[in-house]
Structures are given as C-alpha cells and as structure tokens.
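Written below as structure tokens is the structure these notes are about.
Worth knowing before you read on, the calculation uses all heavy atoms, side chains too, and leaves out hydrogens, waters and symmetry mates. All residue numbers refer to positions in the sequence shown, counting from 1. Just so we're clear, the structure is a prediction, and the values are computed from it rather than from any experiment.
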Amino acid sequence: MRMVALSIMALTVVAVLHGCMGELPSMCNVSIGDLMPCKPAVTPPNPLPPTKECCSVLSKADLKCLCTFKDSPLLPSLGIDPKLAMQLPQKCHLPDPQC
C-alpha cells in the first residue's frame with residue numbers, strides 16, 4: 001500500500017522533470033498529469049488530506065503495477081516525503097495492493 005503512493009509520486013516527478021506538456025504519458029492505467037492533485041498530500045511540512053480528485057484517480061490505477069516503482073530515489077530529492085506518500089492509499093480507503 002505504501003509503495004503504491006511512492007510509485008504514483010515517482011511517476012508525477014518524472015513527468016515534471018521531463019517537462020511533459022499537453023497530453024501526458026499514461027502509466028499503470030492512469031495519466032501522470034492526473035496524479036498532480038495528490039502532490040499536496042505528500043509534501044511536507046504541512047501536508048493536506050488527499051482530495052476526492054486525488055483518491056478518484058488513485059482508485060483507477062493498477063495498484064499492483066504501481067508497486068513496481070516502489071524504490072524511486074526521486075521522492076525525497078523533490079520535497080516529497082516517502083512516509084506521507086506511503087500513507088496515501090490508506091487515506092483514500094483503497095485496497096492494499098500488497099506490494
């Protein structure tokens with residue numbers, strides 16, 4: 001479950017770092033651009049609760065697929081707290097993908 005959130009944030013970071021414009025690539029059945037509403041929920045020091053939009057997008061993702069991105073080194077370097085990211089599926093009341 002925690003690894004799914006890390007994966008989502010890693011995909012978002014990759015899109016931002018590469019300057020993707022227009023139609024963003026899709027990964028694990030979700031557009032990377034659609035994941036942007038989740039960023040405030042995983043950014044310290046005062047993260048916000050995940051929005052309905054964030055949870056809705058996350059619910060459409062292939063969570064097992066997202067587990068494959070669990071070891072991304074990008075998150076901390078971009079201001080994303082991995083602990084917060086790992087809590088995202090639980091906060092959205094999504095099933096545990098058992099990464």
Atom OG of S31 and atom CE of M36: how far apart are they, to the nearest 0.5 Å? 10.5 Å

Restricting to side chain to side chain contact (heavy atoms under 4.5 Å, CB included), what partner residues turn up for P45, sequence neighbours left out? none

Can you give me the closest heavy-atom contact between V57 and L35, atom names plus distance? CG1-CD2, 3.6 Å

Any residue meeting side chain to side chain contact (heavy atoms under 4.5 Å, CB included) with C92, in chain and number order, not counting sequence neighbours: P50, C55, L58, L88, L94

Using a 3.5 Å distance criterion without hydrogens, assess whether the side chain of S56 forms a donor-acceptor pair with backbone atoms of K52. no

Between P47 and L84, which heavy-atom pair has the shortest distance, and what is it? CG-CD1, 3.5 Å

Sorted by chain and residue number, the side chain to side chain contact (heavy atoms under 4.5 Å, CB included) partners of P37 (sequence neighbours excluded) come out as T51, E53, C54

